[in-house]
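This report concerns only the one structure given below.
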Amino acid sequence: MKKSMIVLGAAAAAAVAFTAYADETPAPKEAAKPEAAQVEQDELETEESPLFEFALQLDIKSAYVSHNRIYSDTPVAQYDIWGKINLPENFGWIGVDVWANQELNKKHSSVDTGNGGKRLGGIGEFDYEIVYGNSIGPVNLTASHLWYTYPRCGWTSQNFWTFGAEYDNEILVPSVKFYWEYCHENEPGAAFMFDFALSHTFQLTEELSLKLTSKTTLYTSEYADYLSGGEISRAAFGGWDNGVALSYAITDNLTIGGHLNFLYKLDHRVRHCQGWDSYSVRDPEDIDSPWNRTHDGMLYGGVSICFAF
């Protein structure tokens with residue numbers, strides 16, 4: 001994954017759920033209107049919250065980074081389909097998200113790729129998430145069930161319950177998302193991780209926005225032990241990821257964007273389980289590997305296009 005959404009980002013962002021890099025544009029100041037005109041305006045604003053919302057997004061990235069772990073250090077394509085139902089006022093919303101990661105340099109089959117050599121065109125991961133969200137004042141809350149599924153590993157899944165909170169304001173937006181991996185064939189016991197993020201968005205023009213993010217992930221001792229192959233027996237941070245993203249709204253429905261991030265690995269031993277070949281991360285214990293000389297930090301970026309209605 002990945003992912004976080006899913007967010008800190010900002011896990012949170014959103015991660016935490018679905019990232020489109022675009023924020024709502026503040027409404028311009030208006031002169032006072034007659035009562036009848038104000039009623040018409042109120043009705044119009046009500047219509048701006050449709051019952052159903054839908055979005056498609058494509059990201060092309062130089063690496064796959066999720067929860068401050070590097071899953072792939074080569075180019076990937078990531079596909080996201082998001083659907084949302086807005087419930088009656090004060091009842092929140094329900095969303096469904098389907099996400100996939102494709103390694104662009106691993107499209108062909110070989111006998112050592114696992115699952116009989118089936119690469120599925122380089123797609124090594126599908127994620128599915130069912131989300132409920134609501135707000136209490138400026139605090140946005142989410143709860144979800146999340147599946148990380150790996151077709152090249154016999155379609156095994158990591159199953160998570162997640163809970164997230166974000167304090168929405170114009171100065172600095174903090175967020176946290178809690179993940180509990182409750183069911184997995186290699187279940188590490190109390191498998192908990194926390195995504196933390198801070199973000200701020202500058203509305204440069206009506207269509208163009210600039211977003212700054214800073215995020216990290218904390219793993220419990222049991223999860224850190226699992227991810228490090230037994231090298232770590234204490235709670236650990238996976239890394240510290242700082243990024244800048246530009247988003248341009250071409251139309252009300254079409255947005256393009258780009259981002260550049262620097263991930264500093266606080267502990268390079270926090271990685272995916274040894275022996276998993278779904279990703280192309282090089283062995284940090286290999287002295288001759290370029291990865292061994294650069295595991296303390298990695299610059300990566302990408303571009304995206306999103307169609308939403």
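Across all non-hydrogen atoms, the minimal contact from Q203 to T205 is NE2-O, 3.0 Å. Minimum heavy-atom separation, T201 to S209: CG2-CB, 4.0 Å. Residues P174 and N169 approach most closely at CD-ND2, 4.0 Å, considering heavy atoms. Summarising the geometry of M193 relative to T217, their closest heavy-atom pair is CB-CG2, 4.2 Å, with the distance given to 0.1 Å. Of all the heavy atoms in A63 and V76, the pair that sits closest is O-CG2, 3.9 Å. Heavy-atom minimum distance, I123 versus A100: CG2-CB, 4.4 Å.
L212 is connected to L208 through a chain of hydrophobic side-chain contacts under 4.5 Å among Ile, Leu, Val, Met, Phe, Trp and Tyr, so both are in one cluster. Cluster membership for Y167 and I171, using ILVMFWY side-chain heavy atoms within less than 4.5 angstrom, is not shared. Each of W180 and L141 belongs to its own hydrophobic cluster when Ile, Leu, Val, Met, Phe, Trp and Tyr are linked at side-chain heavy-atom distances under 4.5 angstrom. Linking Ile, Leu, Val, Met, Phe, Trp and Tyr residues whenever their side-chain heavy atoms come within less than 4.5 Å places I250 and L246 in a single cluster. In terms of hydrophobic clustering, with Ile, Leu, Val, Met, Phe, Trp and Tyr side chains grouped at heavy-atom distances under 4.5 Å, Y264 and F237 are assigned to a common cluster.
Rounded to the nearest 0.5 Å, atoms NZ (K211) and OG (S247) are 9.5 Å apart. Here CD of Q102 is found 11.5 Å from OG of S72. Values are rounded to the nearest 0.5 Å. For the atom pair CD (Q78) and CD (E103), the distance works out to 10.5 Å, reported to the nearest 0.5 Å. Remark: L56 CG to F307 CZ distance equals 7.5 Å, nearest 0.5 Å. Between N101 atom CG and D80 atom CG the span is 11.5 Å, to the nearest 0.5 Å. To the nearest 0.5 angstrom, F126 atom CZ is 10.0 Å from Y79 atom OH.
Inter-residue side-chain proximity for K215 and D195 is flagged as unmet; no heavy-atom pair is nearer than 4.5 Å. Side-chain contact check for Y179 versus H67: some heavy-atom pair is nearer than 4.5 Å. Using a 4.5 Å cut-off on side-chain heavy atoms (C-beta onward), N261 and V65 make no contact. For the pair D97/V131, no side-chain contact is recorded, criterion being any heavy-atom separation below 4.5 Å from C-beta on. Counting heavy atoms from C-beta outward, F309 and D252 have side chains that stay 4.5 Å or more apart.
Aromatic ring centres of Y148 and Y150 lie farther apart than the 6.0 Å criterion allows.
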*Kindly indicate, with the supporting measurements, whether the criterion side chain to side chain donor-acceptor pair (under 3.5 Å) is fulfilled by N242 and S214.*
CA-CA 4 Å; N242 297 283; S214 181; 2.7 Å; yes

*Passes side-chain contact (heavy atoms from CB on, under 4.5 Å), Y248 versus I256? Steps please.*
CA-CA 5 Å; Y248 184 80; I256 59 173; 4.2 Å; yes

*Yes or no on side-chain contact (heavy atoms from CB on, under 4.5 Å) for I232 and D225, after CA distance, side-chain angles and deciding distance?*
CA-CA 5 Å; I232 304 175; D225 177 79; 5.8 Å; no

*Output, in order, the C-alpha distance, side-chain angles, deciding distance and verdict of side-chain contact (heavy atoms from CB on, under 4.5 Å) for W99 and E125.*
CA-CA 8 Å; W99 182 93; E125 179 179 343; 3.8 Å; yes

*Are N68 and L266 close enough, and set up right, to give a side-chain contact (heavy atoms from CB on, under 4.5 Å), and what steps lead you there?*
CA-CA 9 Å; N68 299 121; L266 298 176; over 6 Å; no

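For L260, the side chain to side chain contact (heavy atoms under 4.5 Å, CB included) partners are V244, L299, not counting sequence neighbours. In terms of the side chain to side chain contact (heavy atoms under 4.5 Å, CB included) criterion, residue partners of F163 (sequence neighbours excluded) are, by chain and number, A143, W161, F178. Looking at residues two or more places apart in sequence or on another chain, you find a side chain to side chain contact (heavy atoms under 4.5 Å, CB included) between A308 and A55, C306. Residues passing the ring-ring contact (aromatic ring centres under 6.0 Å, His included) test with W147 are H145, sequence neighbours excluded. Every residue meeting the side chain to side chain contact (heavy atoms under 4.5 Å, CB included) condition with L87, not counting sequence neighbours, appears here in chain and number order: I85, F91, I94, Y132. For F202, the ring-ring contact (aromatic ring centres under 6.0 Å, His included) partners are H200, not counting sequence neighbours.
Defined by atom type and a distance below 3.5 Å, a donor-acceptor pair is present between the side-chain atoms of Q57 and D59. Side chains of T213 and S199: a donor-acceptor N/O pair is absent below 3.5 angstrom, by distance only.
No side-chain donor-acceptor contact under 3.5 Å links S62 to the backbone of P75. Under the 3.5 Å distance criterion, the side-chain polar atoms of N159 are left unmatched by any main-chain donor or acceptor of Y182. For T251 (side chain) and N253 (main-chain N/O), a donor-acceptor pair under 3.5 Å exists by modelled atom type. A side-chain donor-acceptor contact under 3.5 Å links K265 to the backbone of G238.
Residue I136 qualifies as open at atom CD1: its count of foreign heavy atoms under 6.0 Å is 12 or below.
Ring geometry, Y223 versus Y219: the interplanar angle exceeds 60°, so the pair is classed perpendicular (tilted spans 30 to 60°). Aromatic ring pairs are classed by plane angle as parallel below 30°, tilted from 30° to 60° and perpendicular above 60°; the pair Y300 and H259 is perpendicular.
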